[in-house]
Amino acid sequence: MKKVLIANRGEIALRIHRACQEMGIRTVAVHSTADASAMHVRLADESVCIGPPPAKESYLNKAAILSAAHITGADAIHPGYGFLAENADFAEMVEAHGLIFIGPKPEHIRTMGDKIAAKETMRRLGVPLVPGSPGPVASVDEAFAIAQEIGFPVLIKAAAGGGGRGMKVARAEEQLEEAYRTARAEAKAAFGDDTVYIEKYLDRPRHIELQILADAHGHVVHFGERDCSLQRRHQKLVEEAGSPALDPAERDALGATVTAALRQLGYRSAGTLEFLWQDGQFAFIEMNTRLQVEHPVTEMVCGIDLVREQIRIAAGEELGYSQEDIVFQGHAIECRITAEDPVTFAPCPGKVTTYHAPGGLGVRVDSALYSGYTVPPHYDSLVAKLIVHASTRAQAIARMQRCLREMVVDGISTTIPLHQRIMADPEFQAGDYTIHWLERFVARSS
Ligand code: MV4
């Protein structure tokens, strides 16, 4: 692989560029007209403008991206996260054009995009699931029958969903019909597909996800878990590796189950399996067939470059190490800094007059910011990921607090003050939280 086209923008485009540089691979940036002076364009060896600011006409424009790869002579395309990263049609088109898609096989992207098919696949491979309907639930009567069987409360989910859209809770029988009809209508409106399924509703779980890598030669390893319970409206704010709730034996057991399953599936590239964890039990909910925003916390505790590994795997190379070679050292935390009001979460694009990144031992900042940069209003509000690593969780929190004080982003509002309040909170410091903690924290601290 000599030249990679990076089909993304912002910090993740820089992240992929960095891995390519260290491997002696040249990079092609693509950008919208709104991003002409973005750092990912400036750093890349070449760049191609692929359209106007709306993502639909630029970063989601498959034909424009394939044309850019063709005219620059790129061998491969890395999609990053978001945009086309989990679009099976795009992955197929990339391969049909004789290029390498740096990611999973299109069939696996497609299967995991259908949440019912994903669950059925994992059930067959021996991964524990949340109890629920074995497939789509096509009528109110069927919904009643399933709810009767598994017991209330139940959750109705969209098959095409993920990320929390089109979900409705029914706490008791009298709420079921309304929840079922609303979930279907919302799924239809959001995804153009009203297929829904039902699960037992877990009322106070943690969100724990497992990072895996699989090569094209049947080797599969895991890199431990991330705790991503600190979310607001399905947007993650803080992630940790490992989870404050897990012990090494629980991690090893989950890792063994998951790696065996993916070996059987013939999976390739990086992937993440999402679980709900409650009362000491794991239940699979979804699989993400992409590199994730929060991958750096895993890299910090494992000392591995996941993007480099994705590229090596896509080039057909073997992993070259086994599970026993992967050791977890210390603790890592990531704070997602967004251009938003820290109390109302209103987006806050605009010009960054002064930017200063924190530094020092165990500190990593993944960001495409620079002094004088204007955050455009057209895309995600993530402007920096602040990641720290230390030998214990308490030391990682202290280091994060020091970094949040050191970081300067003048000219726009950011969520830095909110992260400072979270890091200082006794419950957070005790590791005592579920997926509902942050929503309540935000409500009581505003
Ligand atoms: C659940 C659940 C409780 N019980 N499933 C939300 C996003 C999607 N990925 C799955 N989600 C949930 N599924 C059952 N059976 C609670 C959630 C959920 C959630 C999950 C992870 C992180 C934050 C969350 C916030 C609200 C609801």
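These numbers come from a predicted model, not from an experiment. Values reported hereafter were calculated over all heavy atoms of this structure, with side chains retained and with hydrogens, waters and symmetry mates removed. Just so you know, ligand 1 is whichever comes first in the structure, and atom 1 is the first atom listed for that ligand.
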| query | With no hydrogens and no angle check, do the side chains of His295 and Gln211 hold a donor and an acceptor under 3.5 Å apart? | reply | no
| request: State, without any angle test, whether Tyr81 and Asn288 hold a side-chain donor-acceptor pair at a distance under 3.5 Å. | output: no
| Between Glu199 and ligand 1, is there a nitrogen or oxygen pair with a distance under 3.5 Å? | yes
| query | Among Ile435, Val130, Thr434, whose heavy atom sits nearest atom 20 (C) of ligand 1? | reply | Ile435
| Going by atom types only, do Thr272 and Gln292 share a side-chain donor-acceptor pair under 3.5 Å? | yes
| task | Any atoms of ligand 1 less than 4.0 Å from a non-hydrogen atom of His207? List them with their elements. | result | 21 (C), 22 (C)
| said: Under a 4.0 angstrom heavy-atom cut-off, which atoms of ligand 1 come close to Tyr201? | reply: 3 (C), 4 (N)
| query | Can you check whether Thr195 reaches Ile116 side chain to side chain, under 4.5 Å on heavy atoms? | reply | yes
| query | Which heavy atom of the protein is the closest neighbour of atom 3 (C) of ligand 1, given with residue, atom name and distance? | reply | Leu202 O, 3.3 Å
| field | ligand 1 contact on Ile285 by region, counting heavy-atom pairs under 4.0 Å | value | side chain
| Can a cation-pi geometry be assigned to Arg110 and Phe90, taking NZ or CZ under 6.0 Å from the six-membered ring centre and within 45° of the ring axis? | no
| query | Which residue supplies the protein heavy atom nearest to atom 11 (N) of ligand 1, what is that atom called, and how far is it? | reply | Met167 SD, 3.6 Å
| request: List the closest protein heavy-atom neighbour of atom 7 (C) of ligand 1: residue, atom name, distance to the nearest 0.1 Å. | output: Gly164 N, 3.4 Å
| Which heavy atom of the protein is the closest neighbour of atom 13 (N) of ligand 1, given with residue, atom name and distance? | Lys157 NZ, 3.1 Å
| task | Examine the side chains of Thr298 and Arg226 and answer whether a donor and an acceptor come within less than 3.5 Å of each other. | result | yes
| query | Any luck finding a side-chain donor-acceptor pair between Tyr321 and Glu309 under 3.5 Å? | reply | yes
| said: One thing to verify: whether Asp227 and Arg206 come together as a salt bridge, which I'm taking to mean a side-chain N less than 4.0 angstrom from a carboxylate O. | reply: yes
| query | For atom 22 (C) of ligand 1, which candidate among Gln235, Gln231, Glu274 holds the nearest heavy atom? | reply | Gln231
| Got an N/O contact under 3.5 Å between Lys200 and ligand 1? | yes
| message | Looking at non-hydrogen atoms alone, which of His436, Glu286, Arg233 comes nearest to atom 8 (C) of ligand 1? | response | Glu286
| remark: Scanning both residues in full, the closest heavy-atom pair of Val137 with Tyr197 reads CG2-CA, 4.2 Å
| remark: In ligand 1, the atoms that come under 4.0 Å of a heavy atom of His234 are 6 (C), 7 (C), 25 (C), 26 (C), 27 (C)
| task | Give the numbers and elements of all ligand 1 atoms closer than 4.0 Å to a heavy atom of Leu155. | result | 1 (C), 2 (C), 3 (C), 4 (N), 5 (N), 13 (N), 14 (C)
